[in-house]
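Treat the numbers as computed from the prediction; the structure is a model and nothing was measured. The chains referred to below are lettered A, B, ... by the order of the sequence lines, with proteins before strands, and numbering in each begins at 1. Computed from heavy atoms alone, side chains included, the values below leave out hydrogens, waters and symmetry copies.
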Amino acid sequence: MIRVQQEDFDPGAELARLSQGNTSVGGVCAFIGLVRDMAGDREVGAMTLEHYPGMTETELARVEEEAQGRWSLEETLIIHRYGRLEPGDRIVLVAASSAHRQAAFDACQFLIDWLKTRAPFWKHEEGPEGAHWVEARGEDDEAAARWEEGEMGAAKNE
Amino acid sequence: MIRVQQEDFDPGAELARLSQGNTSVGGVCAFIGLVRDMAGDREVGAMTLEHYPGMTETELARVEEEAQGRWSLEETLIIHRYGRLEPGDRIVLVAASSAHRQAAFDACQFLIDWLKTRAPFWKHEEGPEGAHWVEARGEDDEAAARWEEGEMGAAKNE
Amino acid sequence: MKILYFAWLREKTGTPAEVVTLPDGVADVNGLIRWLSARGAGFADAFAEPSLVRAAVNQEHVKLEHPLADDDEVAFFPPVTGG
Amino acid sequence: MKILYFAWLREKTGTPAEVVTLPDGVADVNGLIRWLSARGAGFADAFAEPSLVRAAVNQEHVKLEHPLADDDEVAFFPPVTGG
């Protein structure tokens with residue numbers, strides 16, 4: 001399931017839904033991303049997440065579908081917020097449930113890695129030194145590249 | 001933090017504590033293990049988790065301490081239940097919060113992998129064909145062995 | 001066609017969205033970037049460093065060589081930074 | 001010393017816990033297993049397949065070659081299956 005929303009979400013309620021009424025689930029893996037008070041050595045007062053309505057949902061659905069195709073999963077969930085957020089605020093939740101824990105872990109890591117380089121969100125950070133658009137990070141590209149076709153086994157099974 | 005208890009836990013409340021009041025946290029990774037209705041091709045009606053009070057807490061604290069030493073983490077949490085559990089019931093929660101998502105993911109996976117081969121718990125399964133003690137699985141040993149000294153980089157950075 | 005601009009491309013062009021007729025001689029995204037850049041200082045500035053610009057056509061990531069049709073929805077934006 | 005038995009070792013020995021004096025000539029966990037196995041059918045059965053038996057001394061996993069002292073807490077159990 002995909003949700004793109006301005007309002008906060010309740011991780012406990014969301015995660016419960018990944019196994020509720022489904023006793024085939026042996027494990028749920030989840031990742032919650034939050035706004036930090038520092039970005040590198042810059043203080044962050046707040047940030048505004050801009051996105052591309054329509055394409056965001058389409059891309060997140062593609063990422064979810066790709067995960068469902070790669071692993072044997074019971075449920076997957078991506079919730080991503082947009083708008084103005086402050087340090088400590090939740091930005092994103094990705095989660096996967098599966099009969100077996102390794103599939104849940106790998107799928108969850110895949111969801112956030114691919115989302116980071118594909119979902120059309122842009123962070124505008126405000127701090128004491130002014131505001132600026134956050135630059136994409138090479139390490140996010142590398143994290144996503146681990147999951148490229150043909151390298152998947154190498155990335156996770158060694 | 002370590003908790004060994006018979007009663008259920010509230011994943012939402014527990015996970016909130018991993019970042020509450022700490023704006024250095026950029027990500028929280030969590031894994032929840034649940035009782036499945038099948039173990040291989042055997043139906044599971046219920047299971048009873050026996051443990052070694054005292055050593056359980058000591059071993060879980062060792063696992064947590066090892067994770068804290070290997071990664072730069074803000075908080076870690078292990079909650080493990082014992083006693084009688086039915087399909088759909090939560091067994092275990094492990095979680096790690098960190099400034100950066102990869103440390104949170106790796107530490108969380110490490111916590112469950114090491115716990116599985118070190119914490120003194122034993123599952124006694126009941127099903128339509130009778131009751132039996134669950135046998136340890138070779139793949140759990142392999143998962144734990146990924147984290148042995150010297151193989152860690154190979155396991156996670158390739 | 002509809003053209004959308006996000007993040008600093010929106011700021012530099014001063015345009016969140018516009019509707020234009022596919023200009024004569026523009027066959028792909030690169031051609032559209034050249035045509036837009038000739039429109040004025042803001043557009044020239046936005047597209048000055050093509051390596052920083054990403055594009056989507058009909059809400060799908062594409063390379064700048066991607067062909068264009070007049071009923072396409074084209075979007076320009078910097079590398080994404082969500083999550 | 002205190003000796004604890006868990007899971008099917010508890011069931012086969014019929015003993016969750018007991019206190020014994022470290023027997024003469026028993027220097028390590030293997031020696032204790034041999035001594036316990038001679039006590040009767042239940043104990044012999046519990047320790048019949050040493051490769052299935054794990055031990056902890058003073059609540060720490062040890063190999064079966066681990067030396068023993070009279071004030072140790074020794075535990076016997078199958079490979080763990082938590083999580």
So between chain D and chain B, what donor-acceptor pairs come in under 3.5 Å?
unit_1  : atom_1 : unit_2   : atom_2 : d
D:Ala7  : N      : B:Glu50  : OE2    : 3.0
D:Arg10 : NE     : B:Glu50  : OE1    : 3.4
D:Arg10 : NE     : B:Glu50  : OE2    : 3.1
D:Arg10 : NH2    : B:Glu50  : OE1    : 2.5
D:Glu11 : OE1    : B:Trp133 : NE1    : 2.8
D:Glu11 : OE2    : B:Trp133 : NE1    : 3.4
D:Gln59 : O      : B:Arg62  : NH1    : 3.4
D:Gln59 : OE1    : B:Met55  : N      : 3.2
D:Glu60 : OE1    : B:Arg62  : NH2    : 3.3
D:His61 : NE2    : B:Arg118 : O      : 2.6
D:Glu73 : OE2    : B:Tyr52  : OH     : 2.4
D:Pro78 : O      : B:Trp122 : NE1    : 2.8
D:Thr81 : N      : B:Phe121 : O      : 2.8
D:Thr81 : O      : B:Lys123 : NZ     : 3.3
D:Thr81 : OG1    : B:Lys123 : N      : 2.9
D:Gly83 : N      : B:His80  : NE2    : 2.9
D:Gly83 : O      : B:Lys123 : NZ     : 2.8

Practice problem: Against chain B, label D:Leu52 side chain, backbone, both or neither, depending on which of its atoms sit under 4.5 Å from a heavy atom there. | Solution: neither
Practice problem: Check B:Ala136 against D:Val80 and note the closest heavy-atom contact, atom names and distance. | Solution: CB-O, 3.9 Å
Quiz item: So does B:Met38 have more than 12 non-hydrogen atoms from other groups sitting under 6.0 Å from CE?
Solution: yes
